[in-house]
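When reading the values below, keep in mind they use all heavy atoms of this one structure, side chains included, and skip hydrogens, waters and symmetry mates. First the proteins, then the strands, lettered A, B, ... as listed; each starts at 1.
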Amino acid sequence: MHLAIEAVGLGKTYKKNNVRANVEINLQVQQGEIFGLLGPNGAGKTTFVKQVVGLLKPSTGKLKVMGEDVITNPDAVRNQLNYMSQNIFAVWHLKVREVIENSGRLRGLSAGEAKKQTQNLLEELGIEQHGEKAIFHLSGGLRQLAGFGAAFIGKPRLLVLDEPTSSLDVARRRKLWDKVRELNQKENVTVLLVTHSVVEAEHLLDRLAIIQDGKLRAQGSPGELKQKVDNRLRLEIIPHNGGLPSGFTRDLGQFGEVFEANNRIVVLTSRGTLQNAVGLVEQYGFDYIDDFRIGTTSLEDVYLKLGGGILGTA
Amino acid sequence: MALRKFFLNTWILFKMQVALYRFLGLFTAIVAILVPLGTLFLILFTSGTATEEHAYLLLAGNIVVSLVNTCITSLGQYIGNMKEARGFDFYATLPVSKLSLVFALMGSNIMLSLPGFIAVGILGWLILGIQISIGPGFFLAVILTAATMASIGTMIGVTSKTGQQANHISLVAMFVFIFLAPVYYQIETLPLALQWWGVIQPVTYGANAIRAAIAGLPISYYLVDLVILLAMATVSLAIVTRGIKWREG
């Protein structure tokens, strides 16, 4: 499979304050996947993205995007990617419809096609009623949706989204995730997504890299990373208000590591013994519990183990 | 094909810039009119009645002031603020050339000068009693002067560290280009140091050409001024196009 992004020994040091924003990043994004950069604020995610879209010149290393060298051939790269930045200050005076349509025209769409795609995007993003409003009249979330429209138009080969849903409510966020997934699956658009939301990462990403202090801590699919950290299964039991019968927690101990967290009993157990643990729950009866869940190690667990910083859970 | 794309992109970017005046509209027009008119009134009140030659000097000077005001001050401040807010990122990641954006910014600011031109023309006719001749030479002189001024405004914007710094520098530049140059006076009447300074100033040639054009003189009369302006515009555009950094260092 061809690579959408290939970074080899990529580094960025800001000369002014001698801050090393990126250090020796080696990373590959395959064409057709949704790849995420996960990390806390100031970890170096946006620096990497700016290098990918040609806004920031790397200090060291090599960077190819869609097979083109970003440093020596930035125009060829720009023709193949659409970028949604965190701010659209330059077009604050334009109407939402104009921002999307003009972005399409500047990416080479005919007037008719740009108009048609703009209308579709306004409808799909649920912002048709705001189409004639200027960007500066909109709330942060609606601005973000307008930015999304401008990034989506023109069917890019690579879509780069920098914290795209940070200002959106839950319903709109899910709608956007669906749209990103649809573009990826129907149009084979590669997506590079920067986020500090574990939920977003869990929901959307095929593979991800965890970045902290400018360094790449780990990369792989969510499953691979979870396995790397802890391949045990997780049985979570949420007790009823009356509490659990005596001996229940002790008996669970024979199936693995048991601990209490956030008023839940957590059992970390192997695949072979999970069925026995569930059997024990059944034996004691479901009257004692409100709910129980079986899962693998969460991405948040992975991040905390590999990255060690603070992540959003929104 | 590439040339067609260049002009099409420039036109789209120009329309995007012009849309700004939809919201700033009236206020922008008032500022664009007030600066040249205010200067004209000031000079008229302090110098009394004007001869025909003096009247053309004043009118051409005011057209140049309009251009300086919009193409250096307004544009410099706008770009400075946009740079500070990382507004260039939006354009820098689109497949458009820097020159397209520069032309669009210039074009929209030349358009911004129009209300000032019209006001000056009407005032010249009403108060000074002279007719203004508007022909191809006039438009050529205005466009070349504006291109040079806008290059300077753009350079101020892109080299300033903050929007506030761009505001200050563009105001100083406005003073230098209006009052320390032969805009309202013939170059020979200035002190020797300012005469030398005037030789390297684009406004000198802009004012000369515009003055001759509105007086209805044939284009051959101010061809040298136009050629010098063309050279200055070309060099300044080349510098400014290199000066806008799509990338940080």
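- Atom-to-atom distance recorded for B/Ile12:CD1 and A/Asn102:CG is 6.5 Å, nearest 0.5 angstrom.
- Here the straight-line distance linking atom CG of B/Asn9 with atom CZ of A/Arg105 works out to 9.0 Å at 0.5 Å rounding.
- A/Val77 does not touch chain B: none of its heavy atoms, backbone or side chain, sits under 4.5 Å away.
- In this structure, A/His93 and B/Ala19 approach most closely via the heavy-atom pair CD2-C, 3.7 Å.
- Separation of atoms OH (A/Tyr83) and CG (B/Leu94) is listed at 11.5 Å; rounding is to 0.5 Å.
- Considering only heavy-atom pairs separated by less than 4.5 Å from chain B, the leading option among A/Val160, A/Val91, A/Leu81, A/Asn82 is A/Val91.
- Within a 6.0 Å sphere centred on CD of B/Gln164, heavy atoms belonging to other residues, nucleotides or ligands number 12 at most.
- Heavy-atom pairs under 4.5 Å with chain B peak, among A/Leu94, A/Val53, A/Asn79, at A/Leu94.
- Of the inter-residue distances, the one linking B/Lys5 atom NZ with A/Leu106 atom CG reads 7.5 Å to the nearest 0.5 angstrom.
- Within 6.0 Å of the NZ atom in B/Lys83, the count of heavy atoms belonging to other residues, nucleotides or ligands exceeds 12.
- Without hydrogens or angle criteria, A/Arg78 side chain to B/Ala92 main chain gives a donor-acceptor distance under 3.5 Å.
- Atoms OG1 and NZ, from B/Thr93 and A/Lys50 in turn, are 11.0 Å apart once rounded to the nearest 0.5 Å.
- The 12-atom threshold is not exceeded at NZ of A/Lys115, counting heavy atoms of other residues, nucleotides or ligands nearer than 6.0 Å.
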